[in-house]
Amino acid sequence: PEHLDQEIREALSCSGGRLDITELPGKVGVSIEHCELRVEHLCKRDVSLQRLQNDLLDNQYLKYVAQEIEESLQEEGCTAVSDLATRYTLPASFIKDRVLSLVDDDALVIRQNSIHTQTHAMRVERRVLGALRACTQPVSIVQLAGRHGLEADMVAAAVQRFVSDGEILGKLQAGTFTPRSYVDAQSSRVDDFFSANQYLPLSLLRSVGLEARDWARTKNVEGVSLSTAFLAAQLLETARSSITEAVAMDSWADVQLLLPPSLTSEDAAELLQHFADQKQLPPNAVILHRVIMSNSFVKGVASNFDAETKSVAQCLMVTQSTTRGGKKSAGGGGGVVDDSGASKKKGKRGARSKKGRGEEDDDDDGDRDVAARGGGSGGSNRETLLEDNVISDKLLDDFPDIPAEIHEELIGQLQPLLAAMVSEEQRVLQAELEAKHQAKFEASAKLVQERHEPLVVGLRALEAAGLQDSPLFQHLMREVLAEPVHQLLALRLQEITGTGMEVTAANRKQCLDKLQATGGLTEELSRLAGIMSKGKDVKEAKEPKDARETKAAGKNKKKDKESRDSDSKVEAESFEGLAEIAEFYQMAARDCHIVCKKVDKKKDKAAIQELRSSLQEKLKEIPSSDALQVCWVGLQLASVEEGVSGLLFPSELWALRLVAQKLSNKELRTQALSLCQSLEAPSESETLDGDISKWRDRLLGSEEHARANKESDS
């Protein structure tokens, strides 16, 4: 091994201090593996030897390279490290770390990519100083270095030192040197432009290497620096005055139009924000990018959408009314109305409506919440009642001068106002609807209450006269009971389903089925409606729907005799007495929150006397030519005389004959029947005029006779 080490050293020496290890096997006659092991061993034992990749180097070679670099620097003054690395096929880092440290020159300056001497640095500074002194306009450091074949870093360092020491008058900024002479020449141009226009484009200031803040401080000028320009205080005050005037007049202003034409919309928006930050705008001002509006003007714009908000409110009302089925109406839920028209506290039956009313109030609160959320979309999270494109189209039509660029922000201001308008319109519509329902309820209540006493008195009169099984019963039901029952059905439908409809004899069955399906049909109202029907309808009104369907299968097996029963017999079987009808009437009215006062029998005498006098006067006024009316009024008066007051019957011969047959006074009954017979064929009767005269005289005479007896008794 020692002999091999000696041969390796001799081969290295013969190669000038640098030997490729791959060439050793040919020089020493030993395999590469043994050569590499001995090279590693030599490098560890002798620090003057080192291995660099596949090369073996000694210090003598490194000193030789360092000497050549020193001689090159003395001739050229500067050299690039990359050139040295290429020339000697050594890594640049190895040259800087191991080779340059052997150069015998204390003035050597090693930079990142180059090496130069102090003499070269001084020569570069002198050249740069001369070049800068000859500059009359801004020059780029890179351009200056390229023109003179110098390194840009050295040139930049030299320029910075000259400017700092004051050897050169100028400014180095962003890699560009601007001579003071050029700045002074351009500054006069900037000053002239500002004096004439009261603003400076920032591009103009940058072109002369100035900053707006520095220029304003140097010139002692007050103003605001915007995105693209510097505005003087005078121009700011002019714009602010115009803005204040527009807002004070409840109008709007496009601030960009108040500024020089070269300024952008961003400048206008920035200026408005500056005024807002300085609290120099009126309190009722609304900023929309570059446009400013008064709050009153925004409200005025919103008022132009009155028709649209009404339409939306009506649609919401329709939607809410269809989704609030089963809730009570405003009139029905307002308490119980007595005969005087005043509200009363709810009794046991009214407790049910109290709960229902509470539910309705909850629904109304939800409806108000829907309107309050009206606020809308426009790409944000707010909810809207009017679509943004609809608002934008109307703005283009009604306010074409407002820039379309601010429509989105303006819509954001309008949506809460429009939502409030919709809410208010809903409130008005709801109030109108409630007033309408209340008026309808009060009218129905008045009719139900007014018909109660004629119904009770009429039923009593039929029973007293023994005519409860006669067609006069159906006449009483048709003339007195039918209309209030229809009104009660309508109120019940409104209360249960939330929808109103007019109930007639034609659709009564349909309404009953609807109430039956919703569970809102009371027994009393069902039986009253059954009275209005005949035969089969009466029974179906009494029975539930399921029971009717069960009985339908065996209906064909019934005898014909059952289907031919008279209506009066069915009605008699349906109700134990006529008084029960009045009771059902009162209970059905109570279910609809209407109180019918009980008919006071103590007032019968006074009422009979008043009725007698009224009929007597009416009988006197009827001309004899109207024989049918004379007979009709006379029979009413005769019934009253016999204690049957309130008997309701039509002025038709069949009815007159029925009443005449029930008169207890035989003579009066005979006279009445005779008159009826004469009325059947008045053209053939020769005694009609005489019968009319006798009939009138008899009744009026009996009235005078009764009055005389009463006066004598008193």
Query - All pairs passing salt bridge (Lys or Arg N to Asp or Glu O under 4.0 Å) where residues 663-676 contributes a residue, at least two apart - result: Glu667-Arg698
Query raised in the report: Excluding sequence neighbours, so at least two apart, what forms side chain to side chain donor-acceptor pair (under 3.5 Å) with Glu463?
Result: none
Report task. Check the side chains of Glu502 and Asn507 for a donor-acceptor pair under 3.5 angstrom, ignoring hydrogens and angles. Result -> no
Report summary line: With sequence neighbours left out, the residues meeting side-chain contact (heavy atoms from CB on, under 4.5 Å) with Glu479 are His475, Leu648
Requested in this report: With sequence neighbours excluded, tell me which residues meet side chain to side chain donor-acceptor pair (under 3.5 Å) with Asp393.
Outcome: none
Query - Test salt bridge (charged side-chain N to carboxylate O under 4.0 Å, His left out) applied to Glu483 - qualifying residues, sequence neighbours left out - result: Arg451
Report task. Enter the distance from Thr518:OG1 to Glu495:CD here, rounded to the nearest 0.5 Å. Result -> 10.5 Å
Listed pairs under 3.5 Å, donor-acceptor, residues 624-633 side chains, sequence neighbours left out:
from	atom 1	to	atom 2	distance (Å)
Ser624	OG	Arg696	NH2	3.1
Asp626	OD1	Gln629	N	3.4
Trp632	NE1	Phe649	O	3.0

Report task. Please identify each residue that fulfils salt bridge (charged side-chain N to carboxylate O under 4.0 Å, His left out) with Lys694, with sequence neighbours left out. Result -> none
Report task. State whether the number of non-hydrogen atoms from other residues, nucleotides or ligands found under 6.0 Å of Glu453 atom CD is greater than 12. Result -> no
Query raised in the report: Short question: side chain of Glu642, backbone of Asn665 - any donor-acceptor pair under 3.5 Å?
Result: yes
Query - salt bridge (Lys or Arg N to Asp or Glu O under 4.0 Å) contacts touching residues 412-425 (sequence neighbours left out) - result: Glu424-Arg427
Report task. Name all residues meeting the side chain to side chain donor-acceptor pair (under 3.5 Å) criterion together with Ser651; count only those two or more places apart in sequence or in a different chain, and write none if there are none. Result -> none
Query raised in the report: So, the side chain of Tyr585 versus the backbone of Val448: is there a donor-acceptor pair under 3.5 Å, distance only?
Result: yes
Query raised in the report: Got a sec: does the NZ of Lys394 have more than 12 other heavy atoms crowding it under 6.0 Å?
Result: yes
Query raised in the report: With sequence neighbours excluded, what pairs up with Arg508 under the salt bridge (charged side-chain N to carboxylate O under 4.0 Å, His left out) test?
Result: none
**Report entry** Partners meeting salt bridge (charged side-chain N to carboxylate O under 4.0 Å, His left out) with Lys440 (sequence neighbours left out)
**Finding:** none
Report task. Apply side chain to side chain donor-acceptor pair (under 3.5 Å) to Lys662 and list each qualifying residue two or more places apart in sequence or on a separate chain. Result -> none
Report task. Search all heavy atoms of Leu647 against all heavy atoms of Ser639 and return the closest pair with its distance. Result -> CD2-OG, 4.2 Å
